[in-house]
Amino acid sequence: MAERSTAAVDVADNSDESSLTAQADQSTADGVAKNRERDTDSDEVQESTRTDGAGTTSPPELHSGHKLARRYRLEECVTRLDGFSSWRAVDEKLRRAVGVHILPADHSRARSVLAAARSSALLGDPRFVQVLDAVEENDVVYVVHEWLPDATELTTLLASGPLEPYDAYQMVSQVSSAMAAAHREGLAHLRLNPNAVLRASTGQWRIRGLAVNAALRGVSSDTPQRTDTEAIGALLYAALTQRWPYESDAYGLSGLPKDIGLIAPDQVRAGVHRGLSELSMRALVNDGATASRHESPCTTPEELVKAIGEMPRIRPPEPAFTAPPEYQRTTYQQGTYGRQTPRPGVTQPVPTPPPPLQSRTGKALKWAVSALLIAALGLGSWQLADALMDQGGKNEDPGQTQTNDGNDKSPKKPISKPIAIKGAQDFDPLGNDGSENPDEINRLYDNAPGTYWETSFYTSADFGRLKSGVGVILDLGKVQDVGQVTVSFKGETSLELRAASGAATQPQSLDGYTKVAQGSGTTVTLKPDESLKSRYLLVWLTKLPLTEQGNYRGRVMDIKVTS
């Protein structure tokens, strides 16, 4: 249920089409009513207009199980509206869920949808839900995008109440930075609303439908930066107050009371963070509705990012700590097991212990122990003197020399020596093109500080659920005894050490390498449980760290092999 509801695509518009609204409100096969996709955008809310009317071309007749490009199998129709349809599908080649928008090739907006999808795909920013494919084929245009089963829409989050100040701060910071980056590349969203903003399980905020949702809807704006900035202000307003900052209800949120205009969030709800309240009003400048006490309005995402940077940083709340219950000593622990509990206030007499070993038996025991100690000391002294005399006799014999007969059977510990790496190769048998940055592979063993080989970036630590791992193959030049392999990473990484035992040639598949050790950390020493002879070793990365850019990628700084 969570996967289907959070990955639904916001593509429905019912501004003037009541029949289409009825279709969007119907429950789909995932059991979630799609009325949350209704939009109440008006000229007072967003400076956006339709460039054309609703397409008259009917959507293609498709059904569950239909395949596109013999690869994308349609599973469930999420939206069917205005001449196009949106589906949850399965990419059978990479075995992952995806979303697909489909419309006829002769649709009035088909060309603009293709252009928007290809422009969005070129951005490659992990803060946006990525466009994976955009194709015109067999009189059909379809756009394939990521499907995020672990993400939750802002609409769903606000259903249970407003966000905490730290969460609202993180949302507006990440969304503003992402939209500023998109506008620098000439891309606008124009459909930024609570359905288009998602929070992943890692806490990262993602935006879906960049340029594509507006193209599907035929929405444009003469001031795209101002449109997206005001939309971000509305998102922040809703996050702080659980109210939509206009008179009409939208996205499951109640609008403001009629005839009072736009009022600041801290006047709508008590306890709202003052700085965030003012920030939302600066982004929501609308026909002079901003209070005079606020600073200059923010008209672009870049200005909004600057305003956020000038605010005092909002720190996460302290984790709640519950004090453990007071330790209760039991009657048994108090040493009174089987005794009556003394009455409070009464001093109990402490029994005096008897003197140790004062009886006749105790005295006999003391004499016996003393005799044994004297006998032991005498025997030890005699043995020591005898050994010294024997040693002295051997040293006085001039014809005797101390020799080593070579029959010492104590095992000698082998000396560990470094093994030179003769070559290395990136190894990505489960990827699309089978390679991961091969030009940087020599940095693994160049002994240069600060250099590293890195993987491509992914949207989660488990390679975006696209594959089980990537790695590098080490060539030791010949079959050698391998004692351990030490790998240094930038960021905590999980990995396995695999080996091709006795292989004369380098295996080309993952099955050709046997796992001999595993570990995780920033510097990991991998020791095989049994003796290992091999020429080809595979360092196989299985879990990636989070980078400063908000994505996941492995960075191997150095590899050492010793015997």
Side-chain angles (χ1 to χ4, degrees), residues 408-431 434-438 440-447 452-455 458 460-463 465-546 552-563:
D408 187 6
K409 296 182 180 180
S410 61
K412 294 182 180 179
K413 186 177 181 180
I415 300 175
S416 178
K417 297 181 180 179
I419 298 177
I421 299 174
K422 301 299 184 182
Q425 177 185 336
D426 62 302
F427 188 63
D428 185 19
L430 307 179
S435 67
E436 292 257 342
N437 296 334
E440 304 174 358
I441 201 69
N442 61 336
R443 299 179 182 178
L444 294 171
Y445 52 98
D446 59 0
N447 295 320
Y452 52 82
W453 168 83
E454 63 182 359
T455 68
Y458 298 89
S460 63
D462 56 353
F463 301 87
R465 301 184 181 179
L466 303 178
K467 50 194 173 185
S468 60
V470 298
V472 291
I473 299 174
L474 307 178
D475 183 3
L476 306 182
K478 61 181 180 180
V479 176
Q480 303 191 51
D481 291 318
V482 178
Q484 66 181 35
V485 177
T486 302
V487 188
S488 299
F489 296 98
K490 188 174 183 181
E492 185 168 346
T493 308
S494 299
L495 73 157
E496 298 174 354
L497 177 63
R498 294 172 173 259
S501 300
T505 59
Q506 176 181 320
Q508 299 301 317
S509 66
L510 185 60
D511 295 337
Y513 299 87
T514 304
K515 184 172 73 173
V516 297
Q518 64 181 7
S520 64
T522 54
T523 300
V524 186
T525 300
L526 302 167
K527 296 182 179 180
D529 295 334
E530 301 178 356
S531 60
L532 174 63
K533 290 181 176 290
S534 180
R535 172 178 176 177
Y536 299 102
L537 301 177
L538 171 60
V539 177
W540 185 248
L541 278 58
T542 57
K543 189 173 182 180
L544 306 179
L546 181 66
Y552 295 82
R553 68 194 317 165
R555 297 175 177 177
V556 185
M557 302 183 69
D558 188 47
I559 299 180
K560 300 291 186 185
V561 183
T562 55
S563 61

Donor-acceptor check, side chain of [X] to backbone of [Y], threshold 3.5 angstrom: yes or no?
X      : Y      : result
Ser494 : Ser520 : no
Gln508 : Gln506 : yes
Ser534 : Ala500 : yes
Trp540 : Phe427 : no
Thr455 : Gly554 : yes

How close do [X] and [Y] get, heavy atom to heavy atom, and via which atoms?
X      : Y      : value
Pro418 : Thr562 : CA-CG2, 3.9 Å
Thr542 : Leu495 : OG1-N, 3.7 Å
Leu510 : Pro429 : CB-CG, 4.5 Å
Glu436 : Val470 : OE2-CG1, 3.8 Å

Report yes if the side chains of [X] and [Y] come closer than 4.5 Å at any heavy-atom pair, otherwise no.
X      : Y      : value
Thr493 : Val487 : no
Val482 : Leu476 : yes
Ile473 : Tyr513 : yes
Asn447 : Asp558 : yes
Asp428 : Ser435 : no
Tyr536 : Asp475 : yes
Leu537 : Val561 : yes
Leu526 : Val539 : no

Going from [atom1] on [X] to [atom2] on [Y], what distance comes out if it is rounded to the nearest 0.5 angstrom?
X      : Y      : atom1 : atom2 : result
Thr514 : Leu538 : OG1   : CG    : 10.5 Å
Gln484 : Ile419 : CD    : CD1   : 10.0 Å
Lys478 : Arg535 : NZ    : CZ    : 11.0 Å
Phe489 : Met557 : CZ    : CE    : 11.5 Å
Arg553 : Asn437 : CZ    : CG    : 7.0 Å
Leu444 : Asn442 : CG    : CG    : 8.0 Å

Over 12 foreign heavy atoms within 6.0 Å of NZ, Lys467: yes

Would you please test Tyr445 and Val472 for side chain to side chain contact (heavy atoms under 4.5 Å, CB included) and show each step? CA-CA 12 Å; Tyr445 52 98; Val472 291; over 6 Å; no

With sequence neighbours left out, the residues meeting ring pair (Phe, Tyr, Trp, His ring centres under 6.0 Å) with Tyr552 are none

Which residues share a ring pair (Phe, Tyr, Trp, His ring centres under 6.0 Å) with Tyr452, sequence neighbours left out: none

By side chain to side chain donor-acceptor pair (under 3.5 Å), which residues pair with Asp511, not counting sequence neighbours? none

